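Remember, it's a predicted structure, so these values are computed and weren't measured experimentally.
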Amino acid sequence: MRAGRARPLRAADMKKDVRILLVGEPRVGKTSLIMSLVSEEFPEEVPPRAEEITIPADVTPERVPTHIVDYSEAEQSDEQLHQEISQANVICIVYAVNNKHSIDKVTSRWIPLINERTDKDSRLPLILVGNKSDLVEYSSMETILPIMNQYTEIETCVECSAKNLKNISELFYYAQKAVLHPTGPLYCPEEKEMKPACIKALTRIFKISDQDNDGTLNDAELNFFQRICFNTPLAPQALEDVKNVVRKHISDGVADSGLTLKGFLFLHTLFIQRGRHETTWTVLRRFGYDDDLDLTPEYLFPLLKIPPDCTTELNHHAYLFLQSTFDKHDLDRDCALSPDELKDLFKVFPYIPWGPDVNNTVCTNERGWITYQGFLSQWTLTTYLDVQRCLEYLGYLGYSILTEQESQASAITVTRDKKIDLQKKQTQRNVFRCNVIGMKNCGKSGVLQALLGRNLMRQKKIRDDHKSYYAINTVYVYGQEKYLLLHDISESEFLTEAEIICDVVCLVYDVSNPKSFEYCARIFKQHFMDSRIPCLIIAAKSDLHEVKQDYSISPADFCRKHKMPPPQAFTCNTADAPSKDIFVKLTTMAMYPHARLRCMCTCNRCTFCICQNFLNSDLLQSVKNKIFTAVLNRLRARVAEWGAMLLADDEGSITHQVHAVSSVEDSIFMESSHGPLFLEARHVTQADLKSSTFWLRASFGATVFAVLGFAMYRALLKQR
C-alpha cells in the first residue's frame, strides 16, 4: 500500500476548479511570481497588478482548472480584498526572505485579516511563500517554522525565486494540492496524530477491504485494495517492504503475515507526516468521501430512473454480494446472524439500520436470530419499498468497490410496467405484494407470521412494540422461487391509493365473529370489484366454532357471485408451522392475475397439480368436447349406413338392427348377443378400413390432433 501513482480523480470526487489568491506587502514579488510562471522567464517590466490567469486542466498536475488572482494594495480597495478572500480556495501569503518587515506582517496583518473573513471551522488553507531567495545565501525557515506551528491552517512554506524560476511550479502545485488534498481534515499537527473523523473513515475502509473478516489484510486483500485505489498491483517484495516498515515502528501492526487495523492507520499517518496526504485522499475519495470526510450524496444515492407502475428488485449480482456479506459475518457458520455478528456487520454504517421489528418481518431461528433466508428477504423488502435506502445501505457496505461496478445502481433491476405483464399474460418479476385487509383482531397478524412459519404459540411471545406490519418470505410456484410480501393494512372506512396498489389482495375475516365478513365485503365492493387485482378471502381462526356472518349472503355465495375462489380456511393454532397453501395460492394469483387455476392440493408445483390444471383448462375442455361430438356423429352415421344395408338383405331383422345401433352407441367393442349381426358389422368395418378414403381421414385427424396438442403444450409452457 505504498504511495504510488494515484489514478486520476473523478470529477465528482473533487472541486470543479481551484482559485489561488496571492497577497502580501508591496514589492515582495507577487506579480513577478505569476508572470514568471506564465512566461517561464523573469519579466523585465512588471505591472502593478497581473490580470487573473486561468490555467487549463490538461496542463495542471491534478487535471483541474486553476485560476490565479493577484492583489495590489495600490489598485484595489479593502472591500475588493475582502471579496477576493471570500472567493478564494487557497491563499498564498508572499514575503521577501530579505525583508524582515514583510515576514512580521504575515502574523501581524495577513493571517488575522484572512481568519476574520472565514469561519473558524472552515479555515482557508494558507501557503507561506518566501520570494527573492536568490538575493540571500541563508534560509528563512528558522523564522517561519514557529509561525507554522502556531497556525494550523498553514499547509506548507515554499522558498522560491521569480528571477531564477526556482520552485515556481512547485509553489502553485502545493497551492493546488492544499485545496484538493487538504491536511486539516486528516491530521492534527499539535497532537501529531490523525483526527477522529479520519480514523473513523479509514476504519470503515479497512473493514470493507477485510473480505474474510479475520481482522487483517492479507496479501490478496492488500493487492485488491491497491488495485482499486491506485490501478497498480503491488509486487511481493513491495508488500514485504510495507510490512517491514510497520513492524519497525509498532509491534502489533502485522499479525499472521497480514496488516492489522493499527498498522493500516499507522501507514496513513506516515503518509500524511511525510507530506504524501494525497495518497490518503485518493483512498478516501475512492471509497466515497468528500473534503469533510462525509460520504457524498453522489456515492450513496446514484441516479436510478424508475418509471410509473414499475417496481425495483435486487438482481443476481446483488444477491451474490449479499450472500458473501452474510458468510463474511456468520463466524460460527450456523446460517444465522447473532446480535454480536449483526452489530459487527453494521460497524460500516453510521447508524444501526434495522430495528427489533425486523425479527418479526423475516424468518429467524429458534433463538430469534435472522437466518440467511431472512437476511436476503429483508434486503428484498427494502429494495421493493424504498430503493433509495437500499442504495444507501449498499453504499455503506462498499458494493460498488468490492464488485468493481460504477455504482450501487447496477445492483437494482427495474421491472417493466405491470400493464405490459397483463397484456402479455406473463411476468418477469420475482417479488409480489399482497395487501392483507380485514377488521382489527380478525387474524391478520397471524397470517403475516404464518408466512414466516410461526404458529400461535410463537406469535404470543412477540412484544407489542416489536410487531411489524410487513412479512416477507420465499414461496415456490411451479418450481420457481418467488418472494411474497404481505402488508397488514389498518382498518379504516376508506383505503388510500397507496393501500390499494398491490398484486393480490387477501381479505381476512374471523369465522367466530359474525360482524367480521361485512367489512371484507364492503372493502371489496368499494375498491376491488371492478379492478383487475385478484382477491382471495381467508376464513381465519378456522379452529374455532364458525358462526353465521351478519351479511345478506354467505361468504361462499359471495365468492361464487363475484367469480372468486371459495373462502380458504386458515388457522395458525397448530402444533407445527402453519400450512403455507394459501401463500402459494396468493403468489400464483399474483403471478397469473388473468388465469383461473383450480388445484386440488393447492401446491401448484407437484406433477398432479400441473396435470390437473392442464386437464381442467378451458381450452382443453373445449377441444375435447368438439372432438367427442365429431366422433359420436361419425359413429352414428356409420351405424345408420350398416342398418340400411342389412335392411335391404333381410327386412325381418329390423329388431336386431335397432338393438345393434343401441349396442354400438353404448360401446363399439361390447359383444352383442346377436352374433350374425355383429359379424356382418365387423365385415363392413373391415371393408371400410381397406379404403384409402378412411386412411386419409384418419391421417388428417391425427395430424390435427397432434398440432393442437403441441400448441396447447407451448401455450402452457409460455404461461409457466
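Salt bridge annotation for Asp291-Arg285: present, with a cationic side-chain nitrogen under 4.0 angstrom from a carboxylate oxygen. The residues Lys467 and Asp464 are annotated as salt-bridged, a charged nitrogen and a carboxylate oxygen being separated by less than 4.0 angstrom. Taking the charged nitrogens against the carboxylate oxygens, Glu278 and Arg276 do have a contact shorter than 4.0 Å, which makes a salt bridge.
Annotation: the span from Ile489 atom CD1 to Leu486 atom CG amounts to 10.5 Å, rounded to 0.5 Å.
Checked by atom type and distance alone, the side chain of Asp503 never pairs as donor or acceptor with a backbone atom of Ala590 at under 3.5 Å. For the pair Lys444 (side chain) and Gly438 (backbone), a donor-acceptor distance under 3.5 Å is present. In this structure, the side chain of Asp581 does not engage the main chain of Val584 through any donor-acceptor pair within 3.5 Å. In terms of modelled atom types and a separation under 3.5 Å, the side chain of Asp330 and the main chain of Cys335 share a donor-acceptor contact. The closest donor-acceptor contact from the side chain of Thr216 to the backbone of Asn218 lies at 3.5 Å or more, if one exists at all. In terms of modelled atom types and a separation under 3.5 Å, the side chain of Asn223 and the main chain of Pro233 share no donor-acceptor contact. Under a 3.5 Å cut-off, the side chain of Glu313 and the backbone N or O of Val431 do form a donor-acceptor pair. Within the 3.5 Å criterion, the main-chain N or O of Arg429 finds a donor-acceptor partner in the side chain of Lys482. Side-chain N or O atoms of Thr382 include none that pairs as donor or acceptor with a backbone N or O of Arg389 at under 3.5 Å. The backbone N or O of Tyr299 sits less than 3.5 Å from a side-chain atom of Gln408, completing a donor-acceptor pair.
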For this session: Check the pair Arg367, Ser338 against side chain to side chain donor-acceptor pair (under 3.5 Å), reporting the backbone distance first and the verdict last.
Result: CA-CA 9 Å; Arg367 305 175 71 176; Ser338 67; over 6 Å; no
For this session: Carefully, step by step, assess Asn360 and Ser468 under the rule side chain to side chain donor-acceptor pair (under 3.5 Å).
Result: CA-CA 6 Å; Asn360 299 311; Ser468 173; over 6 Å; no
Exercise. Could you go step by step and tell me if Thr269 and Tyr187 meet the side chain to side chain donor-acceptor pair (under 3.5 Å) rule?
Worked result: CA-CA 8 Å; Thr269 304; Tyr187 190 72; over 6 Å; no
Problem set entry | Working for side-chain contact (heavy atoms from CB on, under 4.5 Å), residues His487 and Glu499 | CA-CA 9 Å; His487 182 202; Glu499 292 173 334; 5.5 Å; no
For this session: Assess whether side-chain contact (heavy atoms from CB on, under 4.5 Å) is satisfied between Gln373 and Thr474, documenting all intermediate values.
Result: CA-CA 8 Å; Gln373 184 57 54; Thr474 53; 3.0 Å; yes
Problem set entry | Stepwise side chain to side chain donor-acceptor pair (under 3.5 Å) test for Asp344 and His329 | CA-CA 7 Å; Asp344 182 57; His329 295 278; 3.1 Å; yes
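A donor-acceptor contact closer than 3.5 angstrom links the side chains of Glu392 and Tyr396. Judged by distance alone, the side chains of Asn455 and Arg458 never bring a donor and an acceptor atom under 3.5 Å apart.
Test Leu381, Leu451, Leu452, Leu385 against Ile472 for side-chain contact (heavy atoms from CB on, under 4.5 Å) and you get one pass: Leu381. Partner of Thr311 under the side chain to side chain donor-acceptor pair (under 3.5 Å) criterion, chosen from Asn430, Thr413, Thr415, Thr383: Thr415.
Checked against the 6.0 Å centroid criterion, the rings of Phe264 and Phe225 qualify as a close aromatic pair. Here the two rings, on His268 and Phe271, have centers that are under 6.0 Å apart.
Phe326 and Phe375 have tilted rings, their planes meeting at an angle from 30° to 60° on a 0 to 90° scale.
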